[in-house]
Participant: 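What follows is a structure written as structure tokens; I'll ask about it next.
Ligands are counted one by one from 1 in listed order, and the atoms in each one are counted from 1 as well. Positions are given from 1, in the same order as the sequence printed here. Quick caveat: nothing in here was measured; it's all calculated off a predicted structure.
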Amino acid sequence: MPDPVQTLTFARPDDWHLHLRDGQELAAVARFTARRFARAVVMPNLKPPVTSVDAARRYRERVLAALPPGSHFEPLMTLYLTEGMDPAEVDRVAESGFVCGIKCYPAGATTHSEAGVRSLASCAAVLERMQERDLVLQLHGEATGKDVDPYDRERVFIERELAPLVRRYPRLRIVLEHVTTAAGVAFVRAQDTGRVAATITPQHLLLSRGAMFEGGLRPHLYCLPLLKRESDRLALLDAATSADPRFFLGTDSAPHARAAKESDCGCAGVFSAHAGIELYAQAFEQAGALDRLEAFASFHGPDFYRLPRNRGTITLVREPWEVPERYPYGAGELVPLAAGGRLDWRLRDTGSSA
Ligand code: NCD
Ligand code: ZN
């Protein structure tokens with residue numbers, strides 16, 4: 001057996017799905033992402049949601065103001081699709097230079113999705129215009145409704161909504177956000193247009209649903225979409241490590257205060273930005289595919305979004321470290337993914353983040 005690799009230097013990655021929140025919570029978490037990633041798609045599910053380019057411009061300024069001095073991090077904004085959105089807003093997105101897509105939350109699917117979409121049919125004019133302007137639609141791909149079992153939501157969404165959408169708008173570029181099932185992976189692979197891609201989170205690569213109940217209920221592993229079966233996890237790992245350009249990194253790091261998660265009705269979301277690249281290195285190494293990490297983390301995303309690949313690099317060194325149990329979070333605290341556990345790869349600062 002050759003000695004394991006001790007150092008990994010590769011093109012600086014981007015996070016194509018991130019929740020940064022706002023105010024003092026934003027101030028608490030932004031530095032984690034800015035240290036590792038050159039860019040991130042900043043999700044718009046604030047309260048109230050970010051539904052216009054003007055609101056996205058103001059939010060972007062708040063994100064920039066929350067970064068550590070000297071940071072080169074670039075927030076890529078996205079708008080929250082509502083049924084009332086004017087197609088003219090799509091033109092403003094296309095001309096903005098800083099909004100990279102529009103995010104669709106089915107109403108009731110997840111945190112702050114109440115203002116989301118009840119029926120994609122009522123967004124036809126916006127979707128039409130997005131296709132014309134070649135803008136990316138980011139989809140939270142879960143069916144809602146009491147008739148759908150929580151573990152079937154992704155598969156049912158694909159059957160009822162995504163498959164017809166792809167047929168109706170064959171030129172629309174779509175990211176199936178945080179894909180979690182073998183069915184989702186198979187759907188993306190079956191599209192040969194190059195227009196449908198998917199992001200994959202670290203928790204869905206590392207854990208299956210048993211982890212949420214191991215030794216008791218683990219509220220910090222509750223996220224949406226839920227962790228799935230081991231067979232789903234293996235399908236995701238295969239997709240992420242297969243060098244298929246349709247799969248790329250999106251942490252879905254979604255911080256919630258500890259008190260809001262350790263509650264009789266806890267919030268969905270896993271915070272992973274503290275180790276947003278290290279966790280993927282862990283998963284890729286377990287799969288014997290460290291050599292595939294760079295393409296997944298740093299190339300496939302910008303290629304799909306038609307943005308330049310980053311020129312700077314980051315370096316990970318094999319220096320196991322213990323993940324803190326908590327991080328400060330505004331007036332409260334956060335319990336990160338892998339809290340109190342050990343990660344094998346540590347980030348070394350290399351200066352340039354351009
Ligand atoms: C996200 C959040 O908290 O904003 N939660 C989650 O479990 N992923 C919302 C989302 O992306 O679904
Ligand atoms: Zn999310």
Participant: Which bit of Asn45 is near ligand 1, meaning a heavy atom under 4.0 Å away: side chain, backbone, both or neither?
Facilitator: side chain

Participant: Mark the output for Arg21 as yes if a heavy-atom distance to ligand 1 is under 4.0 Å, and as no if none is.
Facilitator: yes

Participant: Could you find the nearest protein heavy atom to atom 11 (O) of ligand 1 and give me its residue, atom name and distance?
Facilitator: His19 NE2, 3.0 Å

Participant: Report the part of Met43 in contact with ligand 1, treating N, CA, C, O as backbone and CB onward as side chain, heavy atoms under 4.0 Å; options are side chain, backbone, both, neither.
Facilitator: neither

Participant: Checking side chain to side chain contact (heavy atoms under 4.5 Å, CB included) against Phe304, which of Trp16, Phe247, Phe248 comes through?
Facilitator: Phe248

Participant: Let me check your reading of the structure: within less than 2.8 Å of the Zn ion (ligand 2), is there an N/O/S atom from His19?
Facilitator: yes

Participant: Let me know which of His19, Lys103, Glu114, His112 forms a side-chain hydrogen bond (donor to acceptor under 3.5 Å, both in side chains) with Asn45.
Facilitator: His19

Participant: Could you state the interatomic distance from OG1 (Thr181) to CG (Asp152), rounded to the nearest 0.5 Å?
Facilitator: 10.0 Å

Participant: For ligand 1, which atoms have a heavy atom of His140 less than 4.0 angstrom away?
Facilitator: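 So the answer, numbered in order with elements, is 12 (O).
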
Participant: Would you please say whether a donor-acceptor pair under 3.5 Å links the side chains of Gln138 and Thr78?
Facilitator: yes

Participant: Of all the N, O or S atoms in Asp252, which one sits nearest to the Zn ion (ligand 2)?
Facilitator: OD1

Participant: Atom CD of residue position Gln6 - does it have more than 12 heavy atoms of other residues, nucleotides or ligands inside 6.0 Å?
Facilitator: yes

Participant: With side-chain contact (heavy atoms from CB on, under 4.5 Å) as the criterion, how do Val50 and Leu79 come out once you've worked through the C-alpha distance, each side chain's angles and the decisive distance to 0.1 Å?
Facilitator: CA-CA 6 Å; Val50 180; Leu79 298 194; 4.3 Å; yes

Participant: I need the nearest protein heavy-atom contact for atom 12 (O) of ligand 1: residue, atom name and distance, please.
Facilitator: Thr110 OG1, 2.7 Å

Participant: Is His17 close enough to the Zn ion (ligand 2) that one of its N, O or S atoms comes in under 2.8 Å?
Facilitator: yes

Participant: Verify whether one side chain among Lys228 and Thr180 offers a donor that lies under 3.5 Å from an acceptor in the other.
Facilitator: yes

Participant: Salt bridge check: are Arg36 and Glu278 linked by an N-O gap of less than 4.0 Å?
Facilitator: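 Yes, this pair counts.
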
Participant: Within a radius of less than 6.0 Å around CZ of Arg133, do more than 12 heavy atoms belonging to other residues, nucleotides or ligands occur?
Facilitator: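 More than 12 within 6.0 Å, yes.
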
Participant: For His17, counting its heavy atoms only, list the atoms of ligand 1 lying under 4.0 Å from any of them.
Facilitator: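 Per the distance check, 11 (O).
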
Participant: Nearest to atom 5 (N) of ligand 1, what protein heavy atom do you find, and at what distance?
Facilitator: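 Going by distance alone, atom 5 (N) of ligand 1 is nearest to Ala268 O, 3.2 Å.
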
Participant: For ligand 1, which atoms, with element, lie under 4.0 Å from some heavy atom of Ala254?
Facilitator: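 So the atoms of ligand 1 that pass are 1 (C), 2 (C), 3 (O), 5 (N).
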
Participant: Is ligand 1 under 4.0 Å from a heavy atom in the side chain of His256, in the backbone, in both, or in neither?
Facilitator: side chain

Participant: Taking atom CD of Glu154 and atom NE2 of His140, what is their separation to the nearest 0.5 Å?
Facilitator: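 Spacing of CD (Glu154) from NE2 (His140) equals 8.5 Å.
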
Participant: Judged on heavy-atom distance to atom 6 (C) of ligand 1, which of Val270, Thr251, Leu224, Thr201 sits nearest?
Facilitator: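 Checking each option, the heavy atom nearest atom 6 (C) of ligand 1 is found in Leu224.
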
Participant: Kindly confirm or rule out an N or O of Tyr105 lying under 3.5 angstrom from an N or O of ligand 1.
Facilitator: no

Participant: Give the residue and atom name of whichever protein heavy atom lies nearest to atom 8 (N) of ligand 1, and the separation in Å to one decimal.
Facilitator: Asp252 OD2, 2.7 Å

Participant: Within ligand 1, which atoms have a heavy atom of Cys223 less than 4.0 Å away?
Facilitator: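 This gives 7 (O) as the contact atoms.
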
Participant: Are there over 12 heavy-atom neighbours, none belonging to Arg318, within less than 6.0 Å of that residue's CZ?
Facilitator: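 Yes, because the 6.0 Å sphere around CZ of Arg318 holds more than 12 heavy atoms from other groups.
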
